[in-house]
Each structure stands twice: as C-alpha cells, then as structure tokens.
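The analysis underlying the following values was restricted to heavy atoms, covering all of them including side chains, and did not include hydrogens, waters or symmetry mates.
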Amino acid sequence: MPNPRKPDGSLVTTCAYCGVGCGFKAETIGGEIVRMIPWKEGKANHGHACVKGRFAFDYYQHPDRVRTPMIRSSIDQPWREVSWDAAIAHAAAEMQRIQAQHGRGSVGAVSSSRCTNEEIFLMQKFARVALRNNNIDNCSRICHSPTQFGLSATLGAGAASQHFDSVLQADVILVVGANPTEGHPVFGSMLKRRVRQGAKLLVVDPRRTETAESAHCKATVHLALRPGTNVLVLNSLAHVVVTEGLHDAAFIAARCHPAEFEQWRALVADARYAPEVVGPEASLDPADIRAAARVYAKAKRSTIYYGLGVTEHSQGSTGVMCLGNLALACGMLGREGVGVNPLRGQGNVQGGSCLGSWPHMLSGYRFVTDDAVRATFEQDWRLSLDPEPGLRLPNMFDAALAGTFKAIYIQGEDPVQSDPNQNHIVAAMKAMECVIVQDLFLNETAKYAHVFLPGSSSLEKNGTFTNAERRVSMVRKVVPPLAGLEDWEITVKLINAMGYPLHYDHPSQILDEVARLSPAYQGMSFALIERCGSVQWPCNPQAPEGTEVLHTQTFPRGKANFMLTGYVPTTERIDERHPLLLTTGRILSQYNVGTQTRRTGNVAWHDEDLLDIHRQDAEARGIRDGDLVAISSRYGETRLHARISDKVSPGVLYTTFHFAQSKANAVTSDLSDWATNCPEYKVTAVEVAKVPATAPASARARAGAKA
Amino acid sequence: MSAAHGDGMVIAIERLVAMANQIGDFFAPYPQGQREEGVRNHLRHYWDPRMREALLAHLDANAGAGLHAHVLAATRLLRDEQQTARKAYAGPPPRG
C-alpha cells in the first residue's frame, strides 16, 4: 500500500453524525480535507470511529452544495441568485410584512441539531427577540422530545444519567428500542465489549437487530414485542419486580417520594400487567418477560439504554417514564454502571434540547411561563418576552393548513422528507407565504421555499456540540464556509435586519451568554473546554470541570418521582385492509434522511432502502425477494423493493428512510405522543402488494440521489 | 392574548379534542383531583394560547362535546386558573 500523503494541516473537531459525538483529527492538504482520523484523546470515542464519521465527509464539497443565497416570489418560479444583504433584507421584510398582516404568532422558526450549541441558542433568541414570540422548535420534537419530558417527570433531568464509559462497569445492559451497533456504532462496540466480558444483555425490540444477535454478542433475553406494546411490556417487567419483591426498598425510602411509589406499585401490580396476560397481547412468551425482569432487578449494576423505538409512539413519553420508574424501583441510579440513557440521534440533539429551542421552555429546561426565569433573559436581552408558550413544529404545520401560520425560518432541517404524513406537510408548506430554508443543499423542503440561505457544514465553523452523555466538545473550523458565512453569522444578520441590534465577535461570546443564562452550563466556556478537551454538564462552582454521573446524592428536585404509566393502545390498529405493522430504523453506513451521507462514497454499502418482510407474509402475497412492492397505509403509498428477512416477525415490516425517493413518510401517520406531539413513526398499519412488472418502477429511479 | 398572537383557528377543533383526550388518558390512573390538575397543568404550560382558547370556545359553544369527563373538568379549571396563576411543574400532579 502506498504511503498516504503527508497532511499540511490538522485540527481536532467533533463528528456531527450521531449522538456519540466522536472526536476526530481532520487532516488537510492545501486547504482540502483528506482524512478524518479518530482522535485517541476523544473522551466519547477513545480513538474509535464508524464508517460515517471516518469516511462520509466528502459531502462538504459536493457539487450540489449551494454557494449563493437565492430568492423567488413563488415556488413555481426559478431561483434567482442574490447577494447576502439582498437575501437577508428580503427575508426580514417578508417576515415583518406577514406579522403586520397576520399577527405576531403567524411566523416561527426551527433550529437544527446539526448546528452548534451557539447556533441553536441564537435561533431561539431569533424567535424571542426578533419575532417576539415563542414559535421555536427543534428537531428533537420528532425524536427525543419524550425523553426530555419523561426523564424530567421522573428523575428531574431530561438527559442521560451516565457517561458512556459507565457501561463498562454494568453487569446487565437493557437495550430498549435501539440498535446501537448500527445507530450509535462506537458506543455499540463498547457495549458489545462489555457483553463479551460477561455482562448480560437484555433487548426489547420488535426486530432481531444486530445488537440482539451478532457474531460476538447475543442477548440473554430478547423480547421481540409487537410494535406499539412498549408500555404494556415495560409495565409487565415492573409487575414482576414489585410482585416478586425484587425492588430496592432502601433506595426507594431514601431517594423517592414514598406515597408515589405506593401509587405506582398498585398500578403495575394489577393483574392486567401480569406477564401471563401481557404475553399473548405483545406476542411474547410470559416466561421471557419474567426472566428479563429478574435479570435486570437482581444484578448489582443494571443499566438502560434506549432509542427512538421508545419515544416515537403515541405513548412515547409514558414509555420513557416506565424506564425511569423501573430504574428507580431497582435502585439503579446514581452510581457507575447503572442509569437511564437515551441514545440521541443527531450530533447535537442534546444541545438542541438544552439550549431553549422549545416553544414552552427557555435554556436549562425552564418554563417560559415562569416570570422569574423570563426576567433573567429580559434583563440580559433588554426587552420583554412573550409569556405564553408557542406552537410546536407539528402545530405550526396544522396552523399553516388552517391559514393562520404563514412563514417559517428552517435551519438545517428537511421536514418534507423527515416529518410524518408527507402529504400533510407538503400541503402545509404550500400554504405558507414565506419559507426560508438555510441548508447545505436544496433539500426536499427547499422545493417549497422562497428564500434559500446557503449554510455551512460542521467542518466550516467554530462552536460546540453536546453529545448524548451531556459532553460539550469543540467543533472547529477546518475549512472556510463554502458560501462565506457560518450559520450563526447568518442568523445574527437576520436578527439585525429584523430590528434587534446584535453583535458577536466570536461564537465563544455566545457560549458565554448561554453560561450566563443557563444553570447547567454555568461554568462552560471555550477556554475551559480547550483546557479539559470536553466537559459534561452540569458544570458549575460545585463541579467546575463537569459531571460524569448524575443523581449521585440527590435528584434535581430532591427526591425522584414515580409516574403512573397506564397502558393506552395506539389508535393506529391493524384491520383487514391494513393487516401488517410497518416500523422504521437506520443502518450503519447511512445517516438519517441521508442529505450528507448519500453524497459520499458510503452509497457503496447502501444505495437503496429495502422493505424487510417475513417469508410467511411474503408467500401469502406472492412476493419474492427483490420484487418491487407497493406499501399502502391509511395516509399514503410508496414503493420499495422487498427483502425476505428473518429479522422481522410475521406481521411486522421494516424499512430504513435514508433516501428521499423511498418516501417512507408518505405512509406514516400524523398520530403523535400525548405529551410532546413526537410522531408515531414506529407503528403504521399497512398492506403490501407486488407491483406488476409492467408498472413504472419509480423506486428504481435513483439517478437524482446519486447525482 | 389573541391580539398578540394573531387571530383565528390554529388547529381544527376535532384534533384539539383528540389531543386533549390523549393527555387525559395519561392522567386517568391518578385519583380524582390530581387527574384534572395534571391535565390543566399540561394544557396551560405546553399549549399555545390559541389552542387553549379554541378549546375553551368549544366548551362554551358545544359544552365541550367529545371531551372525556375529567378533561372537561380540567378545561374548566383552565379558565379559573387564568386568575390564579400556578407555577408550571414537570413531575406528577400535586395532591390536594
């Protein structure tokens, strides 16, 4: 093998793909990135990497990158290239015109978890000081908003209780609705390492995932439950714990509200949650439920990791609470090797949650309706803030269809591809008078946009990311922004154009402002992160270099709460016309809607989304491996090629959503979590049918994606 | 409230009723009193005022048709509460 060329520059930065947030050394030759070398000192990854972070960086200079701002008066007009000043002036004028005509609440904004903490903080500041409302949301609305809600309710902090390394001290690892070896590969490898060392692995997932069974790793118990029965099954695990006396009475007495424990015990002890009752409804063997509960409760150190398979349900927040309750009941919090840990999707989705990019909360998870909290911001920002909660992203789309929401500023998100019930979203987009998209590429949403502001990738800016273990790491400008501005600079221009004077010399000043206004980030600064490499919040005078494990002495509200988690089945049910349940997920080599990874060599590993179907369901419909099939739900239809698979049970279908033309969200419903409106992506009743060979094979038309 | 946030319906009332009932389903296992208070807290501190107003208008115009009994009671609390602002909370509804 020839020696690699010697780089003439290198900078340590943080990967923006999944919530692991690996440290990389980005090496350049003549101003061009040539290699991403996993950084040995990275505390999240310890020198490891996956095929996305390691190889999928070329998107940053892909010919599709937009390099000039563009505007148009209507979506059927061609784009017109303009200067930055002209684009910003036009966007601001449109926002102001619409607010004057339709009211202050008729416009809103969405921030991106691919952007930095500083940029996310600025987006919510944009809504609050420039739009003067709270119509600001972030993409965790559609992934982990139930985490924030459910963990805040039970434990008092909407974030992972542990640092990643904690898994290496666990005796039992319970993975619920997550597939870390593909979705969070570097953490997944660490988890597997611990299982090889002898830890027991429990998996709750409808699919026989790579995590549940692979060459070096096999679950002690795999509960392959029917999609939509999480809360039922988790309550059943709790039923076994309390009826067999496996709970940790001393921990509960010392750390939890006892009356709430008794209330909860009575609920889960009810006969309807007995494994023998739950088993048949969830397609599980009752003995497996009992076995899993005993393994979890009896170990010295049991830990929970979970993903979107818990949150993206009509009872998503309830499911998260079930996990909090279970850990509390068994005393599995506040030490190394235990805990409840969300595996966050995007590189900075934890930051998206922390930085107040919510319609009902300011940074640090504090309610906008709280006068005292608002006052601290009002003093710092020198203006009064709207005291009422704003619209959430799905509410904004509903309101657009109702004709009362007219403009949106979208930073690094692609709702048309990523949000549920695509027909509904497209209609909402078309109903708006001004859609401002700030992105690297003309994504699906940009088809309905009036202003396009070319953003910068995480390789082209300075700032910080917060990963799934609350670790704040540096993002460094390896190459200059292709279109000239870092995303935070664009937002600052827009805020100024809307009439609120604002200036920062450097993003470090934005983090200083975050620290000033957010208790958990109180001690954070670029200087501290530079010195320590990375810092986990809470970071304050009591913990000047951050905190690895939460809840060691007390919970944020003193004692923890058991929440009552009654099972309420989703209204999305199978019937004669839609007899199968479709669920969705990700694979190793591609990332989310694929905007970045589809534009790299990683398409060599995965160039098409396939529909996994059990042999029995396929044979009943005359479907063979590789056939093009039509998938229809109550909401829409799409086409994919079928793959006969034993990873799914009969009655369950599975697909990924990495390619726009797969239109997985053409079939998903607009049902959502009761507490947060997080969409129910994981359960859609569908039917599949083979597409006759003469029909146009739209799923084969992939030229666009590869361009 | 309306003047500041703009007028008109933001979400169809059928959808708001379904969303409110979903919230009600979660709090249903709590004892009476707590149950209604939990729904009230959620509607007050998580819903845009226009969504709350639409629900209150539905209470006046159609006696809150379609709302579960305890959600109906919670919606009434929402109106009383506008005079007596209680702080938002994230945990279980307080007793008493």
A/Phe555 and A/His257 aromatic centres sub-6.0 Å: no

Options A/Gly390, A/Gly158, A/Ser152, ranked by heavy-atom pairs under 4.5 Å with chain B, top entry: A/Gly390

Toward chain B, the part of A/Arg132 with a non-hydrogen atom under 4.5 Å: neither

With sequence neighbours excluded, residues passing salt bridge (charged side-chain N to carboxylate O under 4.0 Å, His left out) with A/Asp398: B/Arg15

Most chain B-contacting option - heavy-atom pairs closer than 4.5 Å, from A/Arg557, A/Arg366, A/Met361, A/Gln99: A/Arg557

Contact origin within A/Asp371 toward chain B - heavy atom pairs under 4.5 Å: neither

A/Thr571 versus chain B, the contacting section by heavy-atom distance below 4.5 Å: neither

Segment of B/Tyr89 engaging chain A (4.5 angstrom heavy-atom cut-off): backbone

Chain B contact via A/Gln263 - side chain, backbone, both or neither, heavy atoms under 4.5 Å: side chain

Check ion pair B/Arg76-B/Glu36 (N to O, under 4.0 angstrom): no

Test item: A/Gln124 and A/Leu362 side chains (from C-beta on) under 4.5 Å apart, heavy atoms: yes

Engaged part of B/Ala88 at the chain A interface, taking heavy atoms whose separation is under 4.5 Å: both

Interface moiety of A/Phe367 toward chain B, non-hydrogen atoms closer than 4.5 Å: side chain

A/Glu260 bridged to A/Lys559 by N-O distance under 4.0 Å: no

Segment of A/Ala259 engaging chain B (4.5 angstrom heavy-atom cut-off): both

Pair B/Arg44 + A/Glu388: basic N to acidic O under 4.0 Å: yes

Derivation and outcome, salt bridge (charged side-chain N to carboxylate O under 4.0 Å, His left out), residues B/Arg50 and B/Glu53: CA-CA 5 Å; B/Arg50 289 167 289 178; B/Glu53 278 181 0; over 6 Å; no

Backbone of A/Pro679 reached by a side-chain donor or acceptor of A/Glu312 within 3.5 Å: no

Heavy-atom contact with chain B under 4.5 Å, split by part of A/Arg392: side chain

A/Asn677 portion near chain B, given a 4.5 angstrom heavy-atom threshold: side chain

A/Leu564, part contacting chain B, at a heavy-atom distance under 4.5 Å: both

When A/Asp670, A/Thr565, A/Leu391 are compared by non-hydrogen pairs under 4.5 Å with chain B, the top option: A/Leu391

Contacts of type salt bridge (charged side-chain N to carboxylate O under 4.0 Å, His left out), residue A/Arg255, not counting sequence neighbours: none

Max heavy-atom pair count under 4.5 Å with chain B, selected residue of A/Asn395, A/Thr318, A/Leu267: A/Asn395

Under 4.5 Å from a heavy atom of chain B, the part of A/Met396 involved: neither

Nearest-0.5 Å distance that lies between atom CH2 in A/Trp264 and atom CG in A/Leu328: 8.5 Å

Side chain / backbone / both / neither for A/Asp370 at chain B, heavy atoms under 4.5 Å: side chain

Criterion side chain to side chain donor-acceptor pair (under 3.5 Å) against A/Thr570, the qualifying member of A/Gln315, A/Glu680, A/His313: A/Glu680

